[in-house]
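Every heavy atom of this structure was used, including side-chain atoms; hydrogens, water molecules and symmetry mates were not.
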Amino acid sequence: MQYYHHSTQVPNDIFDEHLSNLNQSQLKVLLVVIRQTLGWVHLKTKQRKRKDWISISFFSKRTRLTHKSISMAISSLVYKNLIVALDYDENELRHGKDRRGKKRVYYAYAPVFNALKKQRCVKKVNTMCTYPSYTKQTHTKENNTKAKSTYHRKTDKERYQDILKLKRKKAET
């Protein structure tokens, strides 16, 4: 089977789970969002776009749908958690009234966007909770002047066994 370099990968979930529940306008809008996000790979980083600014007129050119049917399709896809509508600061615009009047609305395929968002949150928390070490990690010279301690810290179980041994020795004598 030949791999096509100029192609867009569409997630299997769309075919397996959602295709029967989508009408024609919803499917067209969803495919445009997938094409504009997952269909683009940055040449240097080899990463796919997380989100993209898509205007209603762009949707209209690509899908040949009216503005009203595009808006209704976007609302239903957002409700079904298949796409995410965002403003510039990545605040979710879940309702049509939130999107109305915005200069730029960014769209993303919801499952991929949310997974990447979780990864970014985990990385941010890890960097916030990881403190830099302020001591040297390696020894630069051996310091033999201090006497090595022969004290061995014992657990409660070891101490209890020592006590039992002493009692046995006293009982034998």
- prompt: Are Ile54 and Trp40 connected in a single hydrophobic cluster, I mean Ile/Leu/Val/Met/Phe/Trp/Tyr linked by side-chain heavy atoms less than 4.5 Å apart?
  reply: no
message: Could you work out, with side chain to side chain donor-acceptor pair (under 3.5 Å) as the rule, every residue matching Glu90, not counting sequence neighbours?
response: Arg50, Lys51
- request: With side-chain hydrogen bond (donor to acceptor under 3.5 Å, both in side chains) as the test, would you mind laying out the steps for Asn91 and Asp87 before giving the verdict?
  value: CA-CA 6 Å; Asn91 298 318; Asp87 64 3; 3.3 Å; yes
- prompt: Among all residues two or more places apart in sequence or in another chain, which pass the salt bridge (Lys or Arg N to Asp or Glu O under 4.0 Å) test with Arg168?
  reply: none
- request: Starting at CG of Leu82, measure out to CD of Glu17 and round the result to the nearest 0.5 Å.
  value: 9.5 Å
- request: Tell me, with the steps shown, if Gln9 and Arg48 meet side chain to side chain contact (heavy atoms under 4.5 Å, CB included).
  value: CA-CA 11 Å; Gln9 293 181 353; Arg48 297 189 184 277; 3.9 Å; yes
- prompt: Phe113 and Tyr88: same hydrophobic cluster, using ILVMFWY side-chain contacts below 4.5 Å?
  reply: yes
query: Atom CG of Leu27 and atom OG1 of Thr63: how far apart are they, to the nearest 0.5 Å?
result: 11.0 Å
query: Taking C-beta and beyond as the side chain, do Leu77 and Leu22 meet within less than 4.5 Å on heavy atoms?
result: yes
message: Are Leu116 and Val78 linked, directly or through intermediate hydrophobic residues, by side-chain heavy-atom contacts shorter than 4.5 Å (ILVMFWY only)?
response: yes
field: Test item: Ile74 and Phe59 side chains (from C-beta on) under 4.5 Å apart, heavy atoms
entry: yes
Nearest-0.5 Å distance that lies between atom CG in Asn114 and atom CG in Asn81: 7.5 Å
field: Heavy-atom check, side chain of Pro11 versus side chain of Leu38, under 4.5 Å
entry: yes
- request: Check for a donor-acceptor pair, side chain of Glu172 on one end and backbone N or O of Lys169 on the other, with a separation under 3.5 Å.
  value: no
message: Do Val33 and Phe58 land in one hydrophobic cluster if side-chain heavy atoms of ILVMFWY residues count as linked below 4.5 Å?
response: yes
- prompt: Is any side-chain heavy atom of Leu30 closer than 4.5 Å to a side-chain heavy atom of Ile14?
  reply: yes
message: Rounded at 0.5 Å granularity, tell me how far OG in Ser57 sits from CZ in Arg62.
response: 12.0 Å
- prompt: Among Ile56, Val32, Ile70, which one satisfies side chain to side chain contact (heavy atoms under 4.5 Å, CB included) with Leu65?
  reply: Ile70
message: Tell me which pairs pass side chain to side chain donor-acceptor pair (under 3.5 Å) where either residue lies in residues 24-38, with sequence neighbours left out.
response: Asn23-Ser25, Gln26-Ser76, Gln26-Lys80, Gln36-Asp52
Any residue meeting side chain to side chain donor-acceptor pair (under 3.5 Å) with Ser71, in chain and number order, not counting sequence neighbours: none
query: Leu86 and Glu92: side chain to side chain contact (heavy atoms under 4.5 Å, CB included), yes or no, with the steps?
result: CA-CA 5 Å; Leu86 308 159; Glu92 283 193 41; 3.8 Å; yes
By salt bridge (Lys or Arg N to Asp or Glu O under 4.0 Å) - contacts of Asp156 (at least two apart): Arg159
Under 3.5 Å, sequence neighbours excluded: what are the donor-acceptor pairs made by side chains of residues 93-112?
residue : atom : partner : partner atom : Å
Asp98   : OD2  : His95   : N            : 3.4
Arg99   : NH1  : Leu93   : O            : 3.0
Arg99   : NH2  : Ser75   : OG           : 2.9

- request: May I ask whether Ile34 and Ile83 are part of the same hydrophobic cluster, defined by side-chain heavy atoms of I, L, V, M, F, W, Y residues being less than 4.5 angstrom apart, directly or through others?
  value: yes
